[in-house]
Amino acid sequence: MLTEELFLTLVEQASLAPSADNMQPWEFRRQNGSIEIYCAPLRMLPTDAMCMFSWISIGAAIQNIVLAATEYDLAAEVTYKTIENTTEPIAVITFSAGVTKSTLAGFIRMRNTNRNPFRTDSIDTGRMERLNRSVTTFEAAIHWTTDGNQFKQMAYMDAHSSYIRLAHKPLHDELFHILRFTPEEINEKRYGLTFESLEVPPIAVHFAKQLRYWSINQMISNAGIGRLVAKRLSTKLMKAGGICLITTPNRNRIAYMEAGRAIEQLWLTATAEGLSVQPYGVLPQYFTKKDIEPDFFPLRYKKAIAAHEEPFYSIFPNAKDEFPALVLRLGWVDKPSPRSDERLPIEEIIRKESNK
Ligand SMILES: Cc1cc2nc3c(=O)[nH]c(=O)nc-3n(C[C@H](O)[C@H](O)[C@H](O)COP(=O)(O)O)c2cc1C
């Protein structure tokens with residue numbers, strides 16, 4: 001059933017999935033009529049706690065394959081592998097004939113991250129129900145706030161965490177490893193974050209470039225400029241129709257891949273509903289990192305992160321016994337933002353024997 005042509009089509013749809021910092025940490029291989037899913041260690045963020053964001057991203061790519069296969073009347077079944085050695089496939093998708101077409105497949109190409117301010121009209125109950133229903137088949141949970149005061153609290157916590165990405169050297173170095181400053185860099189790599197997709201004005205790009213030098217960055221950080229920029233970016237959390245938190249029941253690779261599938265299903269449903277979406281990874285990532293690798297953050301940052309936990313779970317009280325995967329800001333915009341098409345060519349995400 002899975003011809004080479006169809007395999008390439010499904011891989012192309014998978015590649016359009018969202019990924020943390022656009023790292024596209026996935027690879028695919030056609031094997032005995034199924035698709036094997038691999039991670040791509042060179043495109044996995046080294047500081048990512050338990051590689052959670054890589055697994056979420058791979059889960060999103062898997063979900064695109066499942067949905068796109070329905071266009072060809074194929075039902076896809078995903079089997080997660082519990083192997084330790086990630087040179088083996090971490091999941092396998094098998095196909096069987098006969099399935100109802102998913103209307104979401106048509107939105108895979110339209111979905112994008114929109115980093116503009118959204119309108120503040122709340123997401124209505126009908127839409128919220130449809131969004132909630134979209135994730136019920138996955139082992140993940142969704143929690144909402146549509147309260148403007150809580151948006152403010154989220155913005156405060158985001159601002160008072162994101163500055164750490166510039167201030168703590170391992171995070172700073174990683175950030176400048178994935179940022180792309182010139183068209184040559186973009187064309188050469190085809191993964192990582194471009195300033196265009198971040199919607200940063202050219203003057204700020206010139207300023208940001210200087211921050212790649214740790215000594216300059218420290219000077220700027222000490223002057224409190226990093227905190228100011230973080231605060232500015234975080235204010236967009238106040239411009240939303242709703243903010244949701246996706247959680248997992250466990251902290252392991254399979255749970256995060258499952259959450260990734262739920263996130264993509266939710267995001268595509270939101271896109272079909274005319275809603276824009278922006279993920280906010282920093283709080284779930286730092287809460288997890290602090291628990292899993294307590295020595296990673298210097299004490300002052302650890303304290304700052306820990307101080308957010310109580311207010312965070314007062315916004316999402318039913319998530320207290322679960323594990324945070326990703327926060328998403330949703331809402332309507334008057335002008336949609338263009339899709340970022342920075343993706344690796346298909347041949348570079350197809351697993352070759354020699355990659356083993
Ligand atoms: C796990 C995960 C975490 C993300 N975190 C953020 C974030 O904190 N801020 C943000 O603006 N975008 C975030 N994104 C969005 C990615 O940057 C985006 O998906 C990627 O650049 C590709 O762009 P696209 O979604 O428009 O296709 C995240 C995406 C994923 C899957």
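Each ligand, and each atom within it, is numbered from 1 in the order the structure gives. Along the sequence shown, the residues carry numbers beginning at 1.
With respect to the salt-bridge test (charged N to carboxylate O, under 4.0 angstrom), the residues Arg212 and Asp173 do not qualify. Checked for salt-bridge contact, Arg253 and Glu258 miss the test: no charged N lies under 4.0 Å from a carboxylate O.
Stacking of Arg180 on the aromatic ring of Tyr191 is recorded, both the 6.0 Å distance cut-off and the 45° axial limit being met. Both cation-pi conditions hold for Arg351 and Tyr38: the charged atom is under 6.0 angstrom from the six-membered ring centre and inside a 45 degree cone around its axis.
Using a 30° and 60° split on the angle between ring planes, Tyr163 and Tyr301 fall in the perpendicular class, above 60°.
A salt bridge (charged side-chain N to carboxylate O under 4.0 Å, His left out) check over residues 301-311, counting only residues at least two apart or in different chains, returns the pairs Lys290-Glu309.
Using a heavy-atom distance under 4.0 Å as the criterion, the protein contacts of ligand 1 are Pro18, Ser19, Ala20, Asp21, Asn22, Phe53, Ile56, Ser57, Arg111, Asn112, Thr113, Arg115, Leu193, Gln278, Pro279, Tyr280, Gly281, Leu326, Arg343.
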